[in-house]
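Taking it in order: structure first as structure tokens, then the write-up.
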There are 2 protein chains.
Amino acid sequence: MSAMFHVEDLQSPLVQPDWMNRIFKGDCVAAMNKLPEKSVDVIFADPPYNLQLEGALHRPDQSKVNAVDDDWDQFESFQAYDAFTRAWLLAARRVLKPNGTIWVIGSYHNIFRVGAIMQDLNFWLLNDIVWRKTNPMPNFRGRRFQNAHETMIWASKDQKAKQYTFNYEALKAANDDLQMRSDWLFPICTGNERLKDENGTKVHPTQKPEALLARVLLSSSKPGDVVLDPFFGSGTTGAVAKRLGRNFVGMEREQAYIDAATARIAAVEPLKGTDLKIMTGKRAEPRVAFVSLIEAGLIVPGTVLTDSKRRYKATVRADGTLACEGLSGSIHKLGALLQGLPSCNGWTFWHLEKEKKLVLIDELRKLIRDQMAAAGV
Amino acid sequence: MSAMFHVEDLQSPLVQPDWMNRIFKGDCVAAMNKLPEKSVDVIFADPPYNLQLEGALHRPDQSKVNAVDDDWDQFESFQAYDAFTRAWLLAARRVLKPNGTIWVIGSYHNIFRVGAIMQDLNFWLLNDIVWRKTNPMPNFRGRRFQNAHETMIWASKDQKAKQYTFNYEALKAANDDLQMRSDWLFPICTGNERLKDENGTKVHPTQKPEALLARVLLSSSKPGDVVLDPFFGSGTTGAVAKRLGRNFVGMEREQAYIDAATARIAAVEPLKGTDLKIMTGKRAEPRVAFVSLIEAGLIVPGTVLTDSKRRYKATVRADGTLACEGLSGSIHKLGALLQGLPSCNGWTFWHLEKEKKLVLIDELRKLIRDQMAAAGV
DNA sequence: CTTTTTGCTGAATCCCAGA
DNA sequence: TTCTGGGATTCAGCAAAAA
């Protein structure tokens with residue numbers, strides 16, 4: 001039935017079930033259970049992450065971080081979160097067509113529980129996809145790595161479901177004729193795309209970027225398909241689905257989000273025919289850290305670096321810092337320190353001595369970049 | 001108790017337990033349970049993830065699980081994998097020091113189960129780290145995204161364990177003075193680094209690159225620490241630990257891997273001395289009380305301090321507190337109070353006026369620290 | 001008008017020594 | 001064990017304000 005859909009039919013009430021391209025208010029489990037079983041092609045779910053935040057967090061400039069402390073993200077325990085997860089995944093499973101697929105996005109706080117429960121419920125994991133953020137929030141206290149990504153799980157209904165939609169060729173063509181990888185690079189949702197109310201404050205705390213949803217839908221759905229989002233929020237899934245000629249169904253408990261999403265989707269102009277192409281995320285020039293040269297074996301810890309006039313000498317340490325007469329720091333910091341300058345580009349300051357000739361470490365960085373480019377990274 | 005060797009360079013055998021820098025043959029749970037509790041600083045684990053169809057799965061008692069694909073037995077195999085995972089994680093938890101951390105690497109086949117069980121066992125997740133492969137294996141069937149990454153979970157023993165080792169400043173310095181992100185880019189293990197037998201076939205199917213382990217150990221351990229790897233395999237953890245001046249303990253069931261790892265580690269030349277020094281930041285500096293500046297005669301009671309924009313003025317009292325219009329307190333408290341901020345670093349807020357130029361009191365603290373260093377304190 | 005500076009913010013499980 | 005309080009800690013992107 002869905003294969004017979006034409007993009008132009010999307011808005012026609014004659015061929016469209018009355019539950020399509022609508023947002024249902026209320027609990028998503030109850031709402032999904034009212035839909036006919038095996039009726040949606042793709043599910044995209046952005047459930048609460050169960051962040052378990054304790055106290056307030058301040059930036060180094062003393063400003064307070066606007067935490068996600070909404071009621072919907074509060075759970076008594078892991079058990080409670082698991083029960084919640086199991087319930088909505090079961091309801092989602094019922095409405096999913098036999099060859100449909102489901103996407104769930106999360107962070108390390110919740111994604112492991114979600115993934116395990118999906119496996120327990122017999123979903124068949126196809127990939128985990130890493131959304132690498134170009135501009136993640138820093139770690140302000142310096143006690144962990146900067147949490148710079150989120151994880152999506154992509155799964156079919158069960159192991160035997162082999163006929164799911166995957167637009168392999170389109171993705172490959174869009175990715176410079178290289179297979180689309182499991183790590184995707186996108187900015188977080190900011191600027192004009194971010195929905196704001198009349199006071200200029202964000203409408204929803206966790207609005208996802210449209211580019212992310214676009215790649216999700218372009219890879220795993222066809223024009224005319226039905227995309228269900230049980231945690232509809234600000235309606236990114238609906239907006240992108242409409243723009244790409246897909247139908248949507250959403251569930252959302254808060255009226256404010258429903259209103260914002262409704263207005264947002266109404267303003268979306270669907271693309272037509274040949275415009276339904278895949279867009280790719282900008283691939284930034286790969287930044288190479290000095291420690292990569294050590295990791296790649298181009299520089300061995302203990303190596304002595306010097307400047308072009310051999311005035312200063314510094315020793316490379318295993319951790320990727322330089323040391324010189326009690327001073328130490330990054331290639332940049334130590335270069336600045338030794339010269340008494342406010343700053344220094346270590347890449348164009350430090351040299352390696354090879355057979356009495358000086359080689360700028362920036363030359364080694366170019367080698368790494370070439371390798372990365374050759375690998376299509 | 002087989003396959004022993006000593007790494008003379010690390011620590012004197014007199015102070016080194018007899019189980020250190022050795023590979024124990026057999027089941028890792030039994031071997032870990034023979035070690036003293038709370039005795040290792042870091043655990044790196046690369047557990048098997050041969051779940052449903054990919055060959056044999058071993059229960060904790062080493063009996064094999066038959067790989068079958070009907071629903072019930074699939075659930076059965078997940079259960080067996082969970083039991084296996086719970087068993088080795090519990091044993092690992094016992095030997096881990098209270099402020100130790102654990103790393104577990106896996107793919108979407110197993111990492112969600114592992115992560116959920118870690119949370120269930122009260123491990124506190126610090127980060128999930130994505131190892132992005134520059135050269136992953138292509139997806140041959142074109143039915144999924146190219147699986148281009150693996151996931152590592154980094155966790156402390158529990159939520160209260162805050163004193164875990166994290167060499168933040170060193171990582172940041174090595175990364176061009178930007179804090180290290182949760183997505184790491186490394187090639188897979190190939191070429192000379194890949195262990196091969198006399199026939200040229202790889203010794204171990206999932207040998208991890210040394211660069212990956214190096215970043216793991218450089219970020220979360222100190223020289224002299226003990227690193228345990230319960231699934232030792234080809235010994236990457238041991239080789240990198242030795243090279244970086246850490247001690248190791250390994251568990252491995254297959255003699256062929258033990259032999260390969262033993263030879264591999266014996267050939268490793270440890271880095272020495274300053275090459276291993278870890279860059280530290282202000283946190284590691286000795287604490288200086290403000291009153292020391294008064295005691296040292298650098299500031300006289302009655303001196304007026306001001307901020308960088310001369311908005312606030314406060315008088316230094318003999319006891320090392322500041323006073324300003326009826327308010328008083330430490331340099332920090334008063335700075336926070338005057339600005340209406342939750343906190344304030346008085347050292348970088350208050351200035352001394354010297355010949356119409358402002359001098360930050362942090363500069364005076366540096367003088368004191370230099371004196372302390374010269375005195376060998 | 002153009003360029004530079006300053007300010008704000010984003011799914012965050014974010015300190016630690018000493019009393 | 002808990003509590004107190006010193007004092008350490010941020011990256012990219014956008015927009016408004018200032019120069």
Side-chain angles (χ1 to χ4, degrees), chain A residues 46-70 72-73 75 78 105-111 131 133-151 187-194 196 200-202 204-209 231 233 284 287, chain B residues 99 119 123-128 155-156 158-164 166 168-169 172 175-182 280-291 320 329-333 335-336 341-350 361-362 365:
Chain A
D46 183 8
Y49 288 6
N50 188 21
L51 284 189
Q52 304 175 257
L53 303 178
E54 300 260 295
L57 178 66
H58 292 90
R59 297 184 180 82
D61 66 3
Q62 308 282 0
S63 65
K64 193 176 170 211
V65 175
N66 190 3
V68 177
D69 53 3
D70 307 65
W72 48 257
D73 199 41
F75 293 86
F78 282 136
I105 187 167
S107 65
Y108 66 87
H109 311 86
N110 71 321
I111 199 64
W131 168 28
K133 303 179 182 182
T134 58
N135 48 353
M137 195 187 297
N139 182 290
F140 295 116
R141 305 303 292 267
R143 293 298 294 148
R144 305 180 178 200
F145 297 94
Q146 181 183 31
N147 191 12
H149 73 277
E150 294 188 26
T151 301
I188 61 176
C189 183
T190 57
N192 282 336
E193 190 186 325
R194 189 85 196 214
K196 305 207 177 80
T201 52
K202 59 189 176 191
H204 193 278
T206 71
Q207 185 180 341
K208 296 293 176 288
F231 307 98
R287 200 180 54 78
Chain B
N99 283 308
Q119 290 181 311
F123 285 105
W124 191 246
L125 306 195
L126 298 169
N127 280 112
D128 60 333
S156 64
D158 54 58
Q159 185 177 3
K160 291 162 300 177
K162 305 263 190 194
Q163 310 298 313
Y164 56 85
F166 180 56
Y168 174 79
E169 288 84 7
K172 184 173 173 180
N175 192 38
D176 285 14
D177 294 321
L178 289 174
Q179 57 181 210
M180 188 66 79
R181 293 168 50 110
S182 57
T280 57
K282 281 192 193 171
R283 277 187 187 90
E285 298 275 306
R287 177 163 295 186
V288 174
F290 178 66
V291 74
S330 70
I331 54 172
H332 314 295
K333 275 276 161 62
L341 291 174
S343 70
C344 166
N345 184 342
W347 291 110
T348 55
F349 179 72
W350 294 108
I361 60 172
D362 201 34
R365 180 168 64 163

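Heavy-atom basis, side chains included; hydrogens, waters and symmetry copies ignored.
Although no hydrogens or angles enter the test, the distance criterion places a donor-acceptor pair under 3.5 Å between the side chain of A/R143 and the main chain of B/K162. Side-chain N or O atoms of B/Q179 include one that pairs as donor or acceptor with a backbone N or O of A/N139 at under 3.5 Å. With hydrogens and angles ignored, the 3.5 Å screen pairs no side-chain donor or acceptor of A/D46 with any backbone N or O of A/F231. No donor-acceptor pair under 3.5 Å is formed between the side chain of B/D176 and the backbone N or O of B/L178.
For the OP1/OP2 pair of C/dC16 and a distance below 4.0 Å, the side-chain nitrogens and oxygens of B/Y164 include no atom meeting the criterion. Between B/N345 and D/dA8 there is a side-chain N or O to OP1 or OP2 distance below 4.0 Å. Close to D/dG7, at under 4.0 Å from its OP1 or OP2, lies a side-chain N or O of B/H332. At the phosphate of C/dC15, OP1 or OP2 sits under 4.0 Å from a side-chain N or O atom of B/K162. Between C/dT13 and A/N50, no contact under 4.0 Å exists linking OP1 or OP2 to a side-chain N or O. Applying the 4.0 Å criterion to OP1 and OP2 of C/dA17, one finds that B/Q163 has a side-chain N or O inside that range. Taking side-chain N and O atoms only, A/K202 has a distance below 4.0 Å to OP1 or OP2 of C/dG10. Residue A/N110 places none of its side-chain N or O atoms closer than 4.0 Å to OP1 or OP2 of C/dA11.
Residue A/G55 is classed as a base contact, given a heavy-atom separation below 4.0 Å to a base. B/L126 comes within 4.0 angstrom of nothing in the nucleic acid, heavy atoms only. If you check every strand for non-hydrogen atoms under 4.0 Å, A/D46 touches a base. Within the nucleic acid shown, B/F290 has no heavy atom closer than 4.0 Å to any nucleic acid atom. Counting any heavy atom pair closer than 4.0 Å across all strands shown, B/K333 reaches sugar-phosphate atoms only and no base atom. Contact annotation for B/S330: backbone-only contact, meaning every heavy-atom pair under 4.0 Å involves sugar-phosphate atoms and none involves a base. Residue contacts for A/D73: at a heavy-atom cut-off of 4.0 Å it reaches a base atom on one of the strands shown. Counting non-hydrogen atoms under 4.0 angstrom, A/N139 reaches a base of the nucleic acid. Among the protein residues, A/W72 comes within range of the nucleic acid bases, having at least one heavy atom under 4.0 Å from a base atom. Residue A/S107 is out of contact with every strand shown, counting any heavy-atom pair closer than 4.0 Å. Contacts of B/R181 with the nucleic acid, taken as non-hydrogen atoms under 4.0 Å apart, are absent. In this structure, A/P47 reaches the bases: a heavy-atom distance under 4.0 Å links it to at least one base atom across the strands shown.
Nucleotide C/dT6 has D/dA15 as its partner under the Watson-Crick or G-U criteria, with both atom distances under 3.5 Å. If you check C/dC15 for Watson-Crick or wobble pairing at under 3.5 angstrom, you find it paired to D/dG6.
Note: A/F145 and B/F166 have perpendicular aromatic rings, judged against thresholds of 30 and 60 degrees for the angle between ring planes.
Listed candidates were D/dC11, C/dA12, C/dT9. Nearest to the side chain of A/S63 is C/dT9. The B/W347 side chain lies nearest to D/dG7 when the options are D/dG7, C/dA12, C/dG10. Each of D/dG7, C/dA12, D/dT9 was ranked by its minimum atom distance to the side chain of B/S343; first place goes to D/dG7.
One finds a salt bridge joining A/K133 and A/E150 here, because a Lys/Arg side-chain nitrogen approaches an Asp/Glu carboxylate oxygen to under 4.0 Å.
Using atom C1' as the reference point in both D/dT10 and C/dC8, the two lie 13 Å apart (nearest Å). Using atom C1' as the reference point in both C/dG7 and C/dA11, the two lie 23 Å apart (nearest Å).
Nearer to the 5' terminus of DNA chain D, by closest-nucleotide assignment, is the contact made by A/D61 (compared with the other of A/N135 and A/D61). The residue among A/R144 and A/C189 whose nearest nucleotide of DNA chain C lies closer to the 5′ end is A/C189. Where A/R143 and A/F78 meet DNA chain C, the nucleotide closest to each residue was compared, and A/F78 sits on the side nearer the 5' end.
Rounded to an integer number of Å, the gap from CZ of A/F140 to P of D/dC11 is 9 Å. With rounding to whole Å, A/Q146 atom CD is found 13 Å from D/dT9 atom C1'. Between A/L57 atom CG and C/dT9 atom P there is a gap of 15 Å when expressed in whole angstrom units. Between A/R194 atom CZ and D/dC14 atom P there is a gap of 14 Å when expressed in whole angstrom units. In this structure, B/K172 places its NZ atom 7 Å from C1' of D/dT10, rounding to the nearest Å. In this structure, the CG atom of B/D176 is 14 Å from the C1' atom of D/dC11, given to the nearest Å. Spacing between atom CD of A/E193 and atom C1' of D/dA12 amounts to 16 Å, rounded to whole angstrom units. Nucleotide C/dA12 holds its C1' atom 7 Å from the OH atom of A/Y108, rounded to whole Å.
C/dT5 has its base anti relative to the sugar, with a glycosidic angle deviating from 0 by more than 90°.
Counting heavy atoms of neighbouring residues, nucleotides and ligands inside a 6.0 Å radius, atom CG of A/D61 exceeds 12 of them.
Minimum heavy-atom separation, A/A56 to A/K64: CB-CE, 3.6 Å.
The aromatic ring of B/W124 is stacked on the base of C/dT13, with the two ring centres less than 5.5 Å apart and the planes inclined by under 30°.
A donor and an acceptor atom sit less than 3.5 Å apart, one in the side chain of A/R59 and one in the base of C/dG10. Between the base of D/dA12 and the side chain of A/T190 there is no donor-acceptor pair shorter than 3.5 Å.
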Under the side chain to side chain donor-acceptor pair (under 3.5 Å) rule, what do A/S107 and A/H109 come out as? Steps first, then yes or no, please. CA-CA 5 Å; A/S107 65; A/H109 311 86; 2.6 Å; yes
